[in-house]
Amino acid sequence: MSLAQTEKYYLPQPSLWPIVGSIALFLMAVGGVMTMREIDHGGWVLLAGLGVLFFMMFGWFGEVIRDSEAGRYNKQVDASFRWSMSWFIFSEVMFFAAFFGALFYTRVLSVPWLGEGDTMQQLWPEFKATWPTAGPGLTQDGFQFTPMGAWGIPAINTLLLLSSGVTVTWAHWGLKKNSRTQLIAGLALTVLLGVVFIALQAYEYHHAYTEMGLTLGAGVYGSTFFMLTGFHGFHVLVGTTMLLVMLLRAIAGHFSADHHFAFEAVSWYWHFVDVVWVMLFILVYWMI
């Protein structure tokens, strides 16, 4: 009887990968500080840390995949994976909640406070507390920028991400009915949509910096805009990378109708990314 058919919890052999990951994080931290302090070779140390991190991820995830394909994981292990991914996504929800909370506090509370009463009269009597704004300091200095509108690239990206949610669900349906062709086609379309989204957002950022005066230095509006959209873009990049791995595994013949949690975990993450973008589109782009 295989381990996957027993109630025993699979315990892997001692591994060096956590130590390798710790070395990667140490190099990244040191390299990041050296780079910010403009110390020689700081960038190389940071790149070395990233290289070690990717090496660790490739090796460690590969071990987990081989154990899964060998049938070593039973229902207990599957349940632990599901709880782990659920808590990870919850932590991501709280991460974005903090930034949405900062946006709410700025727009609804702090900016109006700065534009009324004694604060306005004594510090910035000419400040108009209307959103979007760079803030009273930059506004008084004549700083100008153009806010990013909702229609155009943001609306196209919304359509792309919503469509990608449909394609990844279609791929899941194909997997559940043992249609390898539908699974691969759905994943390929989802990866393509994610890549196009990232390319369009990169173009949007370039346009904002070069033609709109909208940068991270554009006061409170610029900082909240780039923090929210930038972190979301990073999550799309991570999600697209994970979907690409799922695509390669599907092509290699991995997953079955009743054994495919890795695919489910990535689809959960991708749907979370979709929901966050819808909120971003409404609160950051549309309601300016």
Report the C-alpha distance between Y221 and T106 in whole Å, list the side-chain angles of each, state the deciding distance to 0.1 Å, and finish with yes or no for side chain to side chain contact (heavy atoms under 4.5 Å, CB included).
-> CA-CA 9 Å; Y221 175 77; T106 300; over 6 Å; no

Evaluate the criterion side chain to side chain contact (heavy atoms under 4.5 Å, CB included) for residue pair L187 and L243; output intermediate values, then yes/no.
-> CA-CA 7 Å; L187 279 172; L243 285 166; 3.9 Å; yes

Kindly indicate, with the supporting measurements, whether the criterion ring-ring contact (aromatic ring centres under 6.0 Å, His included) is fulfilled by F88 and W83.
-> CA-CA 9 Å; F88 170 69; W83 274 110; over 10 Å; no

Test F61 against V245 for side chain to side chain contact (heavy atoms under 4.5 Å, CB included), laying out the working first.
-> CA-CA 11 Å; F61 291 172; V245 173; over 6 Å; no

What's the verdict on side chain to side chain contact (heavy atoms under 4.5 Å, CB included) for L160 and L200, showing C-alpha distance, side-chain angles and the deciding distance?
-> CA-CA 10 Å; L160 290 174; L200 287 177; 3.7 Å; yes

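Inter-residue side-chain proximity for M279 and F96 is flagged as unmet; no heavy-atom pair is nearer than 4.5 Å. By the 4.5 Å heavy-atom criterion applied to side chains, S22 and L25 are not counted as neighbours. Side chains of T229 and Y285 form a contact here, defined as non-hydrogen atoms less than 4.5 Å apart. Side chains of I184 and L247 form a contact here, defined as non-hydrogen atoms less than 4.5 Å apart. L283 is not listed as a side-chain neighbour of F104, based on a closest heavy-atom distance of 4.5 Å or more. L162 is not listed as a side-chain neighbour of V166, based on a closest heavy-atom distance of 4.5 Å or more.
Taking the side chain to side chain contact (heavy atoms under 4.5 Å, CB included) definition, one finds that T169 meets it with W173, H271, sequence neighbours left out. For R82, the side-chain hydrogen bond (donor to acceptor under 3.5 Å, both in side chains) test picks out D78, E264, with sequence neighbours left out. For the side chain to side chain contact (heavy atoms under 4.5 Å, CB included) test, residues two or more places apart in sequence or in another chain that qualify with P18 are S15, W60. Annotation: ring-ring contact (aromatic ring centres under 6.0 Å, His included) contacts of F99 (sequence neighbours excluded): F95, F231. In this view, W268 and F261 satisfy the ring-ring contact (aromatic ring centres under 6.0 Å, His included) rule, not counting sequence neighbours. Under the rule for a ring-ring contact (aromatic ring centres under 6.0 Å, His included), the partners of F226 that lie at least two apart in sequence or sit in another chain are Y205, Y209. In this structure H172 satisfies the side-chain hydrogen bond (donor to acceptor under 3.5 Å, both in side chains) test together with H260, sequence neighbours excluded. Legend: residues meeting side-chain hydrogen bond (donor to acceptor under 3.5 Å, both in side chains) with Q201, ordered by chain and number and at least two apart, are absent. W17 pairs by the side-chain hydrogen bond (donor to acceptor under 3.5 Å, both in side chains) definition with E63, not counting sequence neighbours.
Ring-plane geometry between F281 and W286 is classed as tilted, the angle between the planes lying from 30 to 60 degrees on a 0 to 90 degree scale. Between W277 and H232, the ring planes lie tilted relative to each other; the angle falls in the 30° to 60° range.
Taken to the nearest 0.5 Å, the CG atom of N157 stands 7.0 Å off from the CD1 atom of I153. Atom CE of M85 and atom CZ of F272 lie 9.5 Å apart (nearest 0.5 Å). For the atom pair CE (M36) and CG (L46), the distance works out to 9.5 Å, reported to the nearest 0.5 Å.
Taking the ring centroids of F263 and H254, they lie at or beyond the 6.0 Å cut-off.
The minimum heavy-atom distance linking P112 with V108 is given by the pair CG-O, 3.4 Å. Between A250 and F255, the shortest heavy-atom distance links the atoms N-CE1, 4.1 Å. Nearest heavy-atom pair across G149 and P154 is O-CG, 3.3 Å. Across M148 and A208, no two heavy atoms sit closer than the pair CE-CB, 3.8 Å. Closest heavy-atom contact between W170 and A185: CZ3-CB, 3.9 Å. Taking each heavy atom of F225 and V284 in turn, the nearest pair found is CD1-CG1, 3.6 Å.
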When the side chains of residues 188-198 are checked against the rest of the protein, which donor-acceptor pairs come out under 3.5 Å, sequence neighbours left out?
unit_1, atom_1, unit_2, atom_2, d
T190, OG1, T167, OG1, 2.7
T190, OG1, V168, N, 3.3
T190, OG1, G186, O, 2.7

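A salt bridge (Lys or Arg N to Asp or Glu O under 4.0 Å) check over residues 237-255, counting only residues at least two apart or in different chains, returns the pairs E69-R249. Each salt bridge (Lys or Arg N to Asp or Glu O under 4.0 Å) pair with one or both residues in residues 172-182, not counting sequence neighbours, would appear here, but there are none.
Shown here is H207, whose NE2 atom has more than 12 heavy atoms of other residues, nucleotides or ligands within 6.0 Å.
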